[in-house]
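Okay, so here's the structure we're looking at.
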Amino acid sequence: QVQLVESGGGLVQPGGSLRLSCAASGRFFKINGMDWYRQGPGKQRELVATSVSDGTTNYADFVKGRFTISRDNVKNTVYLQMNSLKPEDTAVYYCHIDAVPRGSPFTYDYWGQGTQVTVSS
């Protein structure tokens, strides 16, 4: 089965940094997008950053210049480097991938379990 395991969340002071990781296990014909979402308290889930296999990245306006998404296609792992963190960045962060499993003609989306990021003074 496909499984996405996230790590790297925690408690950090405003202005601090965290690096999130998400490792995908399973057999894939191709992994397309690897993305990060977040959901803050009482808020809807929102897109934070996206990446595709050729290295193209996109960011939500509220994280541009502060967050960097990267991926290791050999290890099937996506990272989110978060700098200059603000209290409003507090949320559960979820990784998401679009992938074609080996032997399947379809593309599926998969979600990680979420990792808590708390930015507080």
Side-chain angles (χ1 to χ4, degrees):
Q1 288 187 313
V2 174
Q3 185 175 10
L4 274 58
V5 179
E6 300 181 29
S7 62
L11 175 64
V12 66
Q13 298 290 320
S17 298
L18 286 173
R19 186 176 188 246
L20 307 183
S21 299
C22 175
S25 63
R27 292 187 176 183
F28 302 101
F29 174 76
K30 181 177 176 61
I31 298 178
N32 299 315
M34 302 185 80
D35 320 306
W36 288 97
Y37 289 75
R38 72 185 187 187
Q39 187 167 13
K43 299 180 180 179
Q44 297 185 25
R45 189 170 298 183
E46 60 186 354
L47 181 65
V48 175
T50 67
S51 69
V52 295
S53 59
D54 66 356
T56 302
T57 60
N58 290 282
Y59 298 91
D61 287 341
F62 52 81
V63 302
K64 285 183 178 178
R66 300 189 298 123
F67 292 9
T68 302
I69 187 172
S70 61
R71 59 193 286 173
D72 185 329
N73 291 326
V74 174
K75 296 192 292 185
N76 290 336
T77 300
V78 62
Y79 306 93
L80 186 68
Q81 177 66 47
M82 304 184 294
N83 300 323
S84 301
L85 283 162
K86 306 174 181 179
E88 51 262 44
D89 294 319
T90 296
V92 177
Y93 284 72
Y94 299 90
C95 68
H96 167 268
I97 68 170
D98 297 305
V100 181
R102 186 175 182 270
S104 173
F106 302 110
T107 300
Y108 296 88
D109 62 323
Y110 304 94
W111 292 90
Q113 82 281 7
T115 184
Q116 177 70 48
V117 172
T118 302
V119 185
S120 177
S121 60

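Here, residue 1 is the first one in the sequence, and each next residue gets the next number.
- Under the 4.5 Å side-chain criterion, counting only non-hydrogen atoms from C-beta, Glu88 is not in contact with Val119.
- Inter-residue side-chain proximity for Trp111 and Arg45 is flagged as met; some heavy-atom pair is nearer than 4.5 Å.
- The cluster map of Ile, Leu, Val, Met, Phe, Trp and Tyr, joined by side-chain heavy atoms under 4.5 Å apart, puts Phe106 and Val2 in the same cluster.
- Once rounded to the nearest 0.5 Å, the distance linking CG of Leu85 with OG1 of Thr118 reads 10.5 Å.
- Counted within 6.0 Å of CZ on Phe62, heavy atoms from surrounding residues, nucleotides or ligands total more than 12; the atom is thus considered enclosed.
- Residues Lys86 and Asp89 are not paired through a salt bridge, judged by the lack of any N-O separation under 4.0 Å between the basic side chain and the carboxylate.
- Distance check, rounded to the nearest 0.5 Å: OH of Tyr94 to CD of Gln39 gives 5.5 Å.
- Residues Ala60 and Leu47 share a closest heavy-atom pair of CB-O, 3.5 Å.
- Taking the six-membered ring where tryptophan is involved, the planes of Tyr108 and Tyr110 are tilted, since the angle between them lies from 30° to 60°.
- Between Tyr37 and His96, the two ring planes are perpendicular [angle over 60°; tilted spans 30° to 60°].
- Residues Arg38 and Phe67 share a closest heavy-atom pair of NH1-CE2, 4.2 Å.
- Between Gln116 atom CD and Leu11 atom CG the span is 9.5 Å, to the nearest 0.5 Å.
- For residues 38-69, the set of pairs meeting the disulfide (SG to SG under 2.5 Å) definition, not counting sequence neighbours, is empty.
- Residues Gln13 and Ser121 are in side-chain contact: their nearest non-hydrogen atoms beyond the backbone lie under 4.5 Å apart.
- In this structure, CE in Met34 is found 7.0 Å from CG in Leu4, a value given to the nearest 0.5 Å.
- Listed for the Gln113 side chain is a donor-acceptor partner under 3.5 Å among the backbone atoms of Glu6.
- The backbone N or O of Ser70 sits nowhere less than 3.5 Å from a side-chain atom of Ser51 that would complete a donor-acceptor pair.
- Counting heavy atoms from C-beta on, the side chains of Asp35 and Asp98 come closer than 4.5 Å.
- The disulfide (SG to SG under 2.5 Å) contacts involving residues 80-121 comprise Cys22-Cys95, where partners must be two or more places apart or lie in separate chains.
- Here the CG atom belonging to Asn32 is positioned 12.5 Å from the OG1 atom belonging to Thr50, to the nearest 0.5 angstrom.
- Val52 and Val48 fall into different hydrophobic clusters, where Ile, Leu, Val, Met, Phe, Trp and Tyr side chains are chained together by heavy-atom contacts under 4.5 Å.
- With sequence neighbours excluded, no residue satisfies salt bridge (charged side-chain N to carboxylate O under 4.0 Å, His left out) with Lys43.
- In the hydrophobic clustering of this structure, Tyr93 groups with Val12; members are Ile, Leu, Val, Met, Phe, Trp, Tyr whose side-chain heavy atoms approach within less than 4.5 Å, directly or through other members.
- Hydrophobic clustering, with ILVMFWY side chains joined whenever heavy atoms are under 4.5 angstrom apart, keeps Val117 apart from Val5.
- Val78 places none of its side-chain heavy atoms less than 4.5 Å from the side chain of Leu80.
- By the 4.5 Å heavy-atom criterion applied to side chains, Thr68 and Tyr79 are not counted as neighbours.
- Between Asn76 and Ile97, every side-chain heavy-atom pair lies at or beyond the 4.5 Å cut-off.
- In this structure the side chain of Ile31 never reaches within 4.5 angstrom of the side chain of Ser53, judged on heavy atoms.
- Atoms CE and CZ, on Met82 and Arg66 in that order, are 9.5 Å from each other to the nearest 0.5 Å.
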